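Please read the structure below before turning to the comments.
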2 protein chains.
Amino acid sequence: MRITRETDYAIRCILYLSELPDKVAMAGEIAEAMKIPKSFLAKILQKLTRAKIVHSFRGVKGGVRLAKKPEDISLLDVINTIEGDVGMNICAVNEKACDQSKECSVHHIWIEIREAVENILKRYNFENLRK
Amino acid sequence: MRITRETDYAIRCILYLSELPDKVAMAGEIAEAMKIPKSFLAKILQKLTRAKIVHSFRGVKGGVRLAKKPEDISLLDVINTIEGDVGMNICAVNEKACDQSKECSVHHIWIEIREAVENILKRYNFENLRK
DNA sequence: CTAAATAGGATAAAAATAGTCTTAATTATG
DNA sequence: CATAATTAAGACTATTTTTATCCTATTTAG
């Protein structure tokens, strides 16, 4: 029922980049500032890059910066990128994973919770998360 | 972000017992009906017993039955028994686990989500879950 | 050309989840 | 009272997921 540490790192990383919207920051710099293992962060940045949340530059003076304005990145975007769909039960994400979805009286509750959580996570973007 | 299979089993087990409020059902019977590994269910029933959600009887003709009326058992009760507190991030459960709770701009969101999820789970009891 | 950076994949270590097994305690019934 | 059936408790094992690390490309500024 928890987000993983990887997701927590991803959020902290975007939080850091949101303070420096134009700077191209190296993974090592972000890792040190946000206390994230550097090689782990490198993998996280790859996912964020593929999701077009950050833009990366290779080579000397390379690094990453946000690919959009902080206000256009929601918490949900970041969580979805790292963890995939949020859902309390696998059946709320993929009906096929549960052979009993049809007769299951609990199923609709997982859906309801999923929607409630997504709605909250959508409301917060990295502009209004800045202190 | 998912409930565990153990929790899913526990819910299905209470769902089964809610249909037979007075019967003392054996673990083996519940396991077969709900497709739960029997020895795993035995451990789950111990937790539910300690939490006074079910009452158990040992010896020949022993088994378990609900310790309260289905309407007095919420989904949250069962989830809390198996998983402990619900919370997207450990810091929403135990502030001490996160050294940055005070300055963390995301912290209050985990709390908001936790409360929203708990409120939904409280609304559903095993009387209104029966089809 | 070289050094510094990300990309991608393989691998490893640690933790959590899922499940099993054995022994003990309890109890209805012959 | 002996026995068989049942839960209680804890140790143990297996599997999966999480959390990394490392190595080899590839890219690029200077």
Side-chain angles (χ1 to χ4, degrees), chain A residues 1-13 17 23-32 34-67 79 81-85 87-90 93 97, chain B residues 1-13 17 23-32 34-67 79 81-85 87-90 93 97:
Chain A
M1 207 115 82
R2 304 270 151 82
I3 57 165
T4 62
R5 191 180 308 199
E6 185 181 14
T7 302
D8 189 74
Y9 288 159
I11 293 169
R12 286 202 250 162
C13 171
L17 293 172
K23 175 173 180 180
V24 173
M26 291 182 298
E29 169 191 339
I30 304 170
E32 192 173 354
M34 298 284 107
K35 296 176 187 166
I36 302 169
K38 184 184 164 182
S39 58
F40 196 20
L41 177 62
K43 309 306 290 185
I44 293 169
L45 284 170
Q46 285 177 26
K47 293 185 188 179
L48 292 168
T49 300
R50 284 187 222 112
K52 300 200 196 305
I53 290 173
V54 307
H55 188 76
S56 75
F57 302 89
R58 292 163 76 148
V60 179
K61 299 214 173 171
V64 299
R65 66 164 156 68
L66 294 186
I79 292 179
T81 297
I82 306 297
E83 313 218 352
D85 284 313
M88 296 275 288
N89 202 329
I90 183 65
V93 173
Chain B
M1 206 113 84
R2 303 270 149 82
I3 57 165
T4 62
R5 193 181 309 203
E6 184 181 14
T7 302
D8 190 74
Y9 287 160
I11 292 168
R12 287 203 250 161
C13 171
L17 293 173
K23 175 173 180 181
V24 174
M26 292 183 299
E29 170 191 337
I30 304 169
E32 191 172 354
M34 297 285 108
K35 296 175 187 166
I36 304 169
K38 185 183 163 182
S39 57
F40 197 21
L41 177 63
K43 310 303 290 185
I44 294 170
L45 284 171
Q46 285 176 27
K47 293 186 187 178
L48 293 169
T49 300
R50 284 188 221 110
K52 301 204 196 305
I53 290 173
V54 307
H55 187 77
S56 74
F57 301 90
R58 292 163 73 148
V60 179
K61 297 212 172 173
V64 300
R65 67 164 157 67
L66 294 186
I79 293 178
T81 297
I82 306 297
E83 313 218 352
D85 284 311
M88 295 275 286
N89 202 328
I90 184 64
V93 172

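Chain letters run A, B, ... following the sequence lines, proteins first and then strands; every chain starts at 1. These numbers come from a predicted model, not from an experiment.
For A/R50, taking side-chain heavy atoms from C-beta onward, the closest of the listed nucleotides C/dT6, C/dT20, C/dG8 is C/dG8. For A/R58, taking side-chain heavy atoms from C-beta onward, the closest of the listed nucleotides C/dA7, C/dA24, D/dT19 is C/dA7. When each of C/dA5, D/dA5, C/dA7 is scored by its nearest atom to the side-chain atoms of A/Q46, the top-ranked nucleotide is C/dA7. Among the nucleotides D/dA20, C/dG19, C/dT27, the one closest to the side chain of B/V60 is C/dT27. Set against D/dA11, D/dT7, D/dA20, the side chain of A/F40 has D/dA20 as its closest nucleotide. Nearest to the side-chain atoms of A/S39 among the listed nucleotides D/dT7, C/dA5, D/dC22 stands D/dC22. Considering only the side chain of A/R5, D/dT19 comes nearest among D/dT7, D/dT19, C/dT27. Considering only the side chain of A/K61, D/dA29 comes nearest among C/dG19, D/dT7, D/dA29. For A/K43, the side-chain atoms get nearest to C/dG8 when compared with the rest of D/dG30, C/dG8, C/dT17. Comparing atom distances between the B/M26 side chain and each of D/dT6, C/dG19, C/dA5 picks out D/dT6 as nearest.
Distances shorter than 4.0 Å separate none of the side-chain N or O atoms of B/S56 from OP1 or OP2 on D/dT6. Look at B/Y9 and you won't find any side-chain N or O under 4.0 angstrom from OP1 or OP2 of C/dA18. Within the structure, every side-chain polar atom (N or O) of A/T4 is placed at least 4.0 Å from both OP1 and OP2 of D/dT17.
The distance between atom CD1 of B/I82 and atom C1' of C/dT17, rounded to the nearest whole Å, is 13 Å. Here the C1' atom of nucleotide D/dA8 and the NZ atom of B/K38 are 14 Å apart, to the nearest Å. Atoms NZ (B/K52) and C1' (D/dA8) sit 15 Å apart, rounded to a whole Å. Atom CD1 of A/I44 and atom P of C/dT6 are 14 Å apart (whole Å). Nucleotide D/dA8 holds its P atom 11 Å from the CZ atom of B/F57, rounded to whole Å. Between A/K47 atom NZ and C/dG8 atom C1' there is a gap of 13 Å when expressed in whole angstrom units. Atoms CG (A/L48) and P (C/dT6) sit 13 Å apart, rounded to a whole Å. In this structure, the CG atom of B/L45 is 17 Å from the P atom of D/dG10, given to the nearest Å.
DNA chain D is contacted by both A/G59 and A/T7; A/T7 maps to the nucleotide lying nearer its 5′ end (nearest heavy atom per residue).
Counting heavy atoms from C-beta on, the side chains of A/M34 and A/Y9 never come closer than 4.5 Å. Counting heavy atoms from C-beta outward, B/E83 and B/T4 have side chains that approach closer than 4.5 Å. Residues B/S56 and B/L45 fail the side-chain proximity criterion, which asks for heavy atoms closer than 4.5 Å.
Residue B/G63 is in sugar-phosphate contact alone, with no base atom involved, counting any heavy-atom pair closer than 4.0 Å across all strands shown. Within the 4.0 angstrom heavy-atom criterion, no nucleotide atom of any strand lies near A/A42.
Within the 3.5 Å criterion, the main-chain N or O of B/H55 finds no donor-acceptor partner in the side chain of B/R65.
The CE atom of A/M88 sits 11.0 Å away from the CG atom of B/D8 when rounded to the nearest 0.5 Å. Distance OG1/B/T81 to CD/B/E6: 10.5 Å, rounded to 0.5 Å.
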